[in-house]
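Only heavy atoms go into these numbers, but all of them, side chains included; no hydrogens, no water, no symmetry mates. In each ligand, atom 1 is the first atom listed, and ligand 1 is the first ligand listed.
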Amino acid sequence: MDGMQNFKLIFGIDAQDLFTAAGRINVIGEHVDYCGGKVFPAALNLRCNVYGRKTGSKIIRIALKGIEGIIELDINKLDSYRELKFGNYQAGVAYFLQEEGVQIVGCDLFYDCTVPFGSGLSSSAAIEVATAVALCEYAGVEYDKVKLALLSQKAENEYVGVNCGIMDQFASAMGKKNHAILLDCATLEYEYVPLELGDYTIVVANCNKPHSLIESKYNVRRQEVEVALKIIKTAKNITCIAELTPEEFNEVKDLLAGVVYKRAEHVVMECARVKKAVAALKAGDIVELGQLLNESHYSLRDLYEVTGKELDALTSFARKEIECLGSRMIGGGFGGCTISIVKKSAVEGFIRRVGQAYFDAIGYRASFYETSIEDGITVTKL
Ligand code: GLA
């Protein structure tokens with residue numbers, strides 16, 4: 001059954017609008033967004049699709065594909081849904097929009113999300129951004145996509161309690177078909193770069209280890225780099241770690257020890273890799289790009305320690321394939337997805353062999369997705 005039919009079955013009337021926001025991959029620049037670094041994400045065809053109808057009542061009614069029941073959010077009590085298992089992201093977005101003076105109005109929303117949950121492809125950002133668009137449309141206010149991304153991040157940080165950076169919401173809102181976004185997370189300046197890989201394509205694979213950013217050590221990593229920054233600031237006049245070149249980092253690295261040292265080194269070196277990767281892509285040097293993806297993964301494994309045996313296995317089986325130029329985990333880590341640069345003509349065999357090797361090693365299957373790079377937000381009158 002499609003989303004329209006579902007909507008009618010649940011709410012007894014036709015949906016009027018379809019709002020969508022994208023899941024994302026990140027080509028390179030992992031765990032640097034909250035350190036003021038540059039990231040390089042792209043929006044996917046995997047999306048949060050929200051079918052909606054304005055009711056004008058005082059209630060936002062939410063139904064989710066695959067989940068029984070309807071969640072009701074009273075627009076006069078939006079602060080009180082933080083503990084919800086489902087609907088808390090939507091409530092957080094509604095709450096902060098209202099705080100900014102947007103007149104939230106009641107509506108019925110049906111969520112059909114094709115971004116797999118907990119996959120590192122930003123299902124939560126897609127939900128937040130799509131919700132923000134729907135609520136703004138129904139409130140009749142003009143919205144700025146970057147502002148919606150920032151507000152969505154705020155909802156995730158302060159309402160849901162995950163201290164994420166801006167990358168996911170920005171990509172979800174600002175994505176552009178067939179382009180990756182080189183985003184400076186310190187200034188929010190950005191540049192669209194064509195994601196042209198010639199004979200190669202990006203294969204997205206989910207290791208299917210259940211994970212949650214809240215349960216994972218994501219917030220701990222943030223604290224560790226904050227400690228590193230504080231120490232570095234005693235010697236260098238910087239506002240974020242990403243400002244340091246590898247040479248400048250060398251001058252201060254003796255001040256740091258243990259995990260704090262390793263985390264900071266990852267951030268500095270990953271930022272340097274982003275620069276090289278974008279140059280390689282622009283020059284059509286896909287071999288170099290692939291190599292940088294591998295180095296990024298090794299750094300996330302050894303220095304940032306956010307991979308785990310599943311992501312390590314999936315990427316290492318991918319690298320064994322002769323037609324694969326590079327492979328790495330994406331997103332928060334500890335589970336979720338990888339991307340691999342694979343020759344287009346070899347994708348089928350790649351998926352078969354890597355899938356089998358992963359199953360043999362880990363005991364359950366990885367999923368591979370057919371993806372394309374698309375626009376971030378779409379709004380359609382039905
Ligand atoms: C998650 C967060 C992002 C970013 C990545 C790691 O996806 O939501 O803000 O920090 O992890 O790069």
Self-check item: Any Asn157 side-chain heavy atom under 4.5 Å of Cys164 side chain
Solution: yes
Quiz item: Any side-chain heavy atom of Gln90 within less than 4.5 Å of one from Leu64?
Solution: yes
Proximal ligand 1 atoms for [X], defined as those under 4.0 Å from one of its heavy atoms:
X      : answer
Met167 : 4 (C), 5 (C), 12 (O)
Glu30  : 5 (C), 6 (C), 12 (O)
Cys164 : 2 (C), 8 (O), 9 (O)
Asp33  : 3 (C), 4 (C), 9 (O), 10 (O)
Tyr34  : 10 (O)

Parallel, tilted or perpendicular, judged at 30° and 60°: which one describes the rings of [X] and [Y]?
X      : Y      : answer
Tyr304 : Tyr34  : tilted
Tyr51  : Phe110 : tilted
Tyr159 : Tyr95  : tilted

Quiz item: Heavy-atom distance to atom 10 (O) of ligand 1: which of Tyr218, Tyr304, Phe170 wins?
Solution: Tyr218
May I ask you to check whether [X] has an N/O atom sitting below 3.5 Å from an N/O atom of ligand 1?
X      : value
Arg24  : yes
Gly165 : yes
Ile166 : no
Asn26  : no
Ser122 : no

Quiz item: So Glu248 and Lys236, salt bridge (charged side-chain N to carboxylate O under 4.0 Å, His left out) or not? Walk me through it.
Solution: CA-CA 9 Å; Glu248 287 164 342; Lys236 281 225 180 277; 5.6 Å; no
Exercise. Report, as yes or no, whether the 6.0 Å neighbourhood of atom NZ on Lys77 holds more than 12 heavy atoms from other residues, nucleotides or ligands.
Key: no
Quiz item: Counting only heavy atoms not in Lys262, do more than 12 fall under 6.0 Å of its NZ?
Solution: yes
